[in-house]
Amino acid sequence: MIILGIETSCDETAAAIVIDGTTVLSSIVSSQIDVHHSYGGVVPELASRKHIEAIVPVVNEAVTRSGICLAELDAVAATRGPGLIGSLLVGFTFAKGYSRFLRRPFIGINHLEGHVNSVFLEPDPPPFPFVALLVSGGHTSLYYVTSHTEMECMGQTRDDAAGEAFDKVSRMLGLGYPGGGVIGRYAEKGDPKKILFPRPFLPKSPNDFSFSGLKTAVNRYIQSHENEYKDRISDIAAGFQESVVDVLASKLIQAAMEKKCAHIAVVGGVAANSRLRDKVTKAAGKKKLTVHIPSIEYCGDNAAMIALTGYHYLEKGEESDLDSDVYSRVAQF
Ligand code: KG4
Ligand code: ZN
């Protein structure tokens, strides 16, 4: 089954063509970072307009690079939510129209399920069941994954997502948007033990997360060191990153022990963080767990994960109605 996937939930316009949920023929991602950078975050109205400009060239490029002709496409999958409503509508509506024109089935996909399935884009994917940590700009959750289409949420963030905390701390330090990559680069030059920030472990609900107190602690440090903090950006970044990564890695391992799973996964934009990748790999090694983390290109938003997930729903005989709508939050799904 050859599937065209489309993803426009936030600030990336993406299209990909994937065979049988495994072989990626093409994966195109057009980022809007330059548009939003100067605003310090994603401006929803600008994002939708940029998706409208990019969607046709991005889909055309995915088709051209795949080497297939349109008649060979078997279905179209597109992200339905959660995300920014205006952005989602562009890709979702385009995908509906495209499937109608091709006379092929259409399927709407949950973006978070897409991220969890991104580990199956790699050569040695995990067997079911496994525990996945999803860390992105909008979500931080632990899932007990029993199939490509069935996953139980074991816990999630009560306030800021991990990526959101990186973005906000980056803004406080004047390092711009998005914050993950730039904080990671500064952290590499800093000493994580020099400035110790709190580690929010929430012992009463071990599978939940909370990063807003940590973000406030960084803000307080900056305000109380108004004159010196600019010379300590690398140490602040390293201390902050170490705190986030310690909490994420330890909760993931704990959740895997709770579910007696031998395989774990880390997915989503923050999974690109090299300190997180190292820490999870080392901690898992001590407990004899096997770690699965997508290559960097599939950590951030992409459409290959949407096409792959679409394949598994279509294989189960599911399709979406053309009058189905997008949703902004998980609870509405
Ligand atoms: O999954 P994603 O591309 O989009 C959402 O679904 O939100 O995740 C984007 C998030 C942003 O908050 C960004 O700062 C973060 O992932 N991120 C990173 C790194 N690269 C991207 N966070 C930490 N370290 C990185 N290297
Ligand atoms: Zn995402």
Side-chain angles (χ1 to χ4, degrees), residues 9-13 29-51 83-84 87 135-140 157-200 209-249 266 268-279 296-297 299-301:
S9 66
C10 189
D11 57 348
E12 261 101 25
T13 316
V29 180
S30 166
S31 171
Q32 302 179 359
I33 283 176
D34 293 347
V35 178
H36 304 289
H37 182 79
S38 58
Y39 296 95
V42 178
V43 183
E45 181 55 31
L46 283 181
S48 340
R49 287 192 221 163
K50 288 289 157 189
H51 284 306
L84 300 170
S87 294
V135 267
S136 70
H139 298 88
T140 300
T157 184
R158 296 172 172 186
D159 38 59
D160 292 351
E164 192 179 355
F166 271 91
D167 295 336
K168 287 180 177 168
V169 166
S170 172
R171 203 183 313 164
M172 287 175 206
L173 293 171
L175 304 177
Y177 172 86
V182 67
I183 294 270
R185 285 193 292 282
Y186 272 94
E188 272 173 30
K189 296 179 274 174
D191 177 354
K193 293 201 179 106
K194 215 157 198 174
I195 308 166
L196 291 180
F197 290 112
R199 275 144 175 78
F209 302 86
S210 167
F211 292 111
S212 79
L214 169 62
K215 178 193 69 189
T216 308
V218 176
N219 198 21
R220 236 183 279 125
Y221 182 90
I222 293 172
Q223 281 174 356
S224 58
H225 296 79
E226 228 178 316
N227 301 323
E228 313 95 311
Y229 89 87
K230 285 208 170 121
D231 301 323
R232 300 182 188 170
I233 287 185
S234 299
D235 290 334
I236 299 173
F240 160 76
Q241 175 179 271
E242 201 65 8
S243 173
V244 175
V245 163
D246 264 355
V247 170
L248 293 175
V266 188
V270 184
N273 185 279
S274 52
R275 187 74 185 136
L276 178 62
R277 297 169 88 94
D278 283 355
K279 203 134 210 175
I296 303 289
E297 72 172 309
C299 287
D301 288 347

Can you list the residues that meet the side-chain contact (heavy atoms from CB on, under 4.5 Å) rule with [X], with sequence neighbours excluded?
| X | answer |
| --- | --- |
| Ser31 | Glu12, Ile33 |
| Leu214 | Phe197, Pro198, Phe211, Phe240, Ser243, Val244 |
| Val43 | His36, Tyr39, Leu46 |
| Arg275 | Gln241, Glu242, Val245, Asn273, Lys279 |

key: CD/Glu226: more than 12 non-hydrogen atoms of other groups inside 6.0 Å   =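 Check fails, neighbour count at 12 or below.
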task = Report the residues that fulfil ring-ring contact (aromatic ring centres under 6.0 Å, His included) with His225, sequence neighbours left out, ordered by chain and then residue number.
result =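 His225: ring-ring contact (aromatic ring centres under 6.0 Å, His included) contacts with Tyr221.
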request  = Over all heavy atoms of both residues, which pair between Ala47 and Leu84 is shortest? Give the atoms and the distance, please.
outcome  =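 For Ala47 versus Leu84, the nearest heavy atoms are CB-CD1, 4.5 Å.
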message = Applying side-chain contact (heavy atoms from CB on, under 4.5 Å) to Val29 and Asp301, what does each step give before you reach the verdict?
response = CA-CA 8 Å; Val29 180; Asp301 288 347; over 6 Å; no
key: side-chain contact (heavy atoms from CB on, under 4.5 Å) between Gln32 and Ser87, intermediate numbers included   = CA-CA 12 Å; Gln32 302 179 359; Ser87 294; 5.9 Å; no
key: Gap separating the CD1 atom of Ile296 from the OG atom of Ser274, nearest 0.5 angstrom   =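 Here the interatomic distance stands at 8.0 Å.
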Gap between atom CZ of Arg158 and atom OG1 of Thr140 - 0.5 Å precision =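 Interatomic distance, Thr140 OG1 to Arg158 CZ, rounded to 0.5 Å: 13.5 Å.
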key: Main-chain N/O of Cys10 paired with His51 side-chain donor or acceptor, under 3.5 Å   =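 At least one qualifying donor-acceptor pair exists.
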task = Please answer whether the main-chain N or O of Asp191 pairs with a side-chain N or O of Asp235 as donor and acceptor at a distance below 3.5 Å.
result =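 Confirmed, Asp235 side chain pairs with Asp191 backbone.
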task = Side-chain contact test, heavy atoms from C-beta onward, threshold under 4.5 Å: evaluate it for Cys299 versus Arg277 and give yes or no.
result =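 Cys299 vs Arg277: side chains touch.
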Which pairs of donor and acceptor atoms, one on a side chain in residues 161-182, lie under 3.5 Å apart (sequence neighbours left out)?
from: Glu164; atom 1: OE1; to: Ala161; atom 2: N; distance (Å): 2.9
from: Glu164; atom 1: OE2; to: Lys168; atom 2: NZ; distance (Å): 3.1
from: Asp167; atom 1: OD1; to: Gly179; atom 2: N; distance (Å): 2.6
from: Lys168; atom 1: NZ; to: Asp160; atom 2: OD1; distance (Å): 3.3
from: Ser170; atom 1: OG; to: Gly176; atom 2: O; distance (Å): 2.6
from: Arg171; atom 1: NE; to: Gly40; atom 2: O; distance (Å): 3.0
from: Arg171; atom 1: NH2; to: Gly40; atom 2: O; distance (Å): 3.1
from: Tyr177; atom 1: OH; to: Asp11; atom 2: OD2; distance (Å): 3.2

